[in-house]
Amino acid sequence: MTTLTYREVKIEQIDEVTWVIPPVRGMRVPGKIYASRKMMESIIKEDESIQQVMNVATLPGIQKYSIAMPDIHWGYGFPIGGVAATDVEDGVISPGGVGYDINCGVRLARTNLTYESVQSRLEKLIQTLFQNVPTGVGAHGALRKLSRQEIKRVLRDGAAWAVEYGYGRPEDLERTEEQGRLQSADPDAVSQRAIERGQDQVGTLGSGNHFLEVQVVQEVYDQAAAQALGLFQGQIVVMIHCGSRGLGHQVCEDYLRVLADATRTYGIVLPDKQLACAPIQSREGRRYLGAMAAAANFAWANRQVIMGLARKSFMDALGISEKELGFRLVYDVCHNIAKVEEHRIDGTVKKVCVHRKGATRAFPPGHPLTPAVYRAVGQPVLVPGDMGRYSFVAVGTERAMEETFGSTCHGAGRVKSRHQALKEGKGKDLIGEMRKQGVIVQARGRRTVAEEMPYAYKDVSEVVDVMHKAGISKKVVRLKPVGVIKG
DNA sequence: ATGTAC
């Protein structure tokens, strides 16, 4: 074991994949980072994210540790790949701890199909998906434009709204984190402008790192868990990664302003303005939590509708029945959210507000919030990688409850900036290169493809392996993309 | 992430 120095602070390695930052300069708790030594060295060099872990540790009411996953990188105020739990009674809530894309998340659907059986018709399938699921920054028009009243129902009911309209089955809800609906949602706390932005965007994918991928189960690490999740080697599955679109973005923007004022009102002293926050029990704090929950519900409805569009695309493109297809939700996780949960701290169960920003809930086998169908194996964890290599499915553990407020990593993390990736991708036939590697890509813009190419990302397997070694989440399967639609 | 700047 060893130490590394960051801005004159000695970061101590406590085991192969865990590092602790001592509480210095106003930190109320230590920092804890999961990473290999190699990763840790590059994290220290790369950006401000270690400083952000330390900044988060100064927040009023923070419990145990300011935590970061191996896919940590710089974000607005809080690092992306960070977890912070604050005491519900005397702690704060911060929009920076959730991020702009409220309930950005991932959903995985399984099918009865094998790669072998669809390989020759894959081109048509990807084209059909691209036609049916609107992609791109301003993507709109998957459904008729919804009235303001209807959007309020989306904000209140989440995924259940979409199921009611035929974009899924009631059992999908049992396989969605929080059953696809936070009851604390307060649609009246969402601005008129945010609602207007959402009216035409339910069922749209968006841009950036958002995607819909047709993938193949490439390797099974845990046969029993894979079977419980309905997964098998060679199987075709669909991964959907997107969030709350313009509506969630507007909610974040609106409340950053509100909470910047609240920070002053309540006399909270912060090392960085971007950590703007308010006591959870304050009027401003409660209102943000209500609006955030409403935006989270919008994101669940969005992913549920997209899944419905994908199901229909499969049936149409392949000319098969619903029964032959066997399209079923495996699970849907949030990557960007703050939620009130119960956790054991110093031997007593306490209500805390867990901010997960670029982190995944990873509840263990037996936990009451792990769906009954997965109670024996643990809550599924979905970790997208890059569009060329692979993504992972894992499950949560008891260790996660003890050490990370039931949380694990969420993705690969960038290794190159968007700008740098764009520069290097210029003049290259990136889509052609992907095709040679067996991945059909359909995208709205060439720029997004360049920004999102595999070389722009770290190897997600290294990230997942760190969390596996730490015992926080357990690998179940690896998924290889064969078709991608993007913004 | 985002009607990529009110």
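Since the structure is predicted, the reported quantities are computational estimates derived from the model, not experimental observations. Only this structure's heavy atoms are used, side chains among them; waters, hydrogens and symmetry mates stay out. Proteins come first, then strands; the chains are lettered A, B, ... in the order of their sequence lines, and each starts at number 1.
If you measure from atom CZ of A:Arg245 to atom C1' of B:dT4, you get 12 Å, rounded to the nearest angstrom. Atom NE2 in A:His241 sits roughly 10 Å away from atom P in B:dT2 (whole-Å rounding). The distance between atom CD of A:Glu452 and atom P of B:dT4, rounded to the nearest whole Å, is 18 Å. Here the C1' atom of nucleotide B:dT2 and the CD atom of A:Gln250 are 10 Å apart, to the nearest Å. A:Glu196 has its CD atom 15 Å from the C1' atom of B:dC6, to the nearest Å. For the pair A:Leu256 CG and B:dC6 C1', the interatomic distance rounds to 16 Å; values are reported in whole Å. Following rounding to the nearest Å, A:His419 (NE2) and B:dT4 (C1') show an atom-to-atom distance of 15 Å. As a whole-Å value, the separation of A:Asn302 CG from B:dT2 P is 10 Å.
Backbone-only engagement by A:Arg418 is indicated by non-hydrogen atom pairs under 4.0 Å involving sugar-phosphate atoms exclusively. Looking at heavy-atom distances under 4.0 Å, A:Gly243 makes no contact with the nucleic acid at all. Within the nucleic acid shown, A:Gln201 comes within 4.0 Å of sugar-phosphate atoms alone, with no base atom in reach, counting heavy atoms only. At the heavy-atom level, A:His210 lies under 4.0 Å from the strands shown only through sugar-phosphate atoms. Across all strands shown, A:Ser244 has no heavy atoms under 4.0 Å from either base or sugar-phosphate atoms.
Annotation: side chain of A:His210 is in contact with side chain of A:Cys104 (closest heavy-atom distance under 4.5 Å).
The nucleotide whose nearest atom lies closest to any side-chain atom of A:Arg193 is, among B:dT2, B:dC6, B:dT4, B:dC6.
Annotation: cation-pi pair A:Lys357/A:Phe78 absent, no NZ/CZ under 6.0 Å from the ring centroid and within 45° of its normal.
Between A:Glu452 and A:Arg414, at least one side-chain N (NZ, or NE/NH1/NH2) sits under 4.0 Å from a carboxylate O, which counts as a salt bridge. Ion pairing of A:Lys145 with A:Glu150 is absent here, as no side-chain N (NZ or NE/NH1/NH2) approaches a carboxylate O to less than 4.0 Å.
Note on ring orientation: taking the six-membered ring where Trp is involved, the planes of A:Tyr165 and A:Trp161 are tilted (angle from 30° to 60°).
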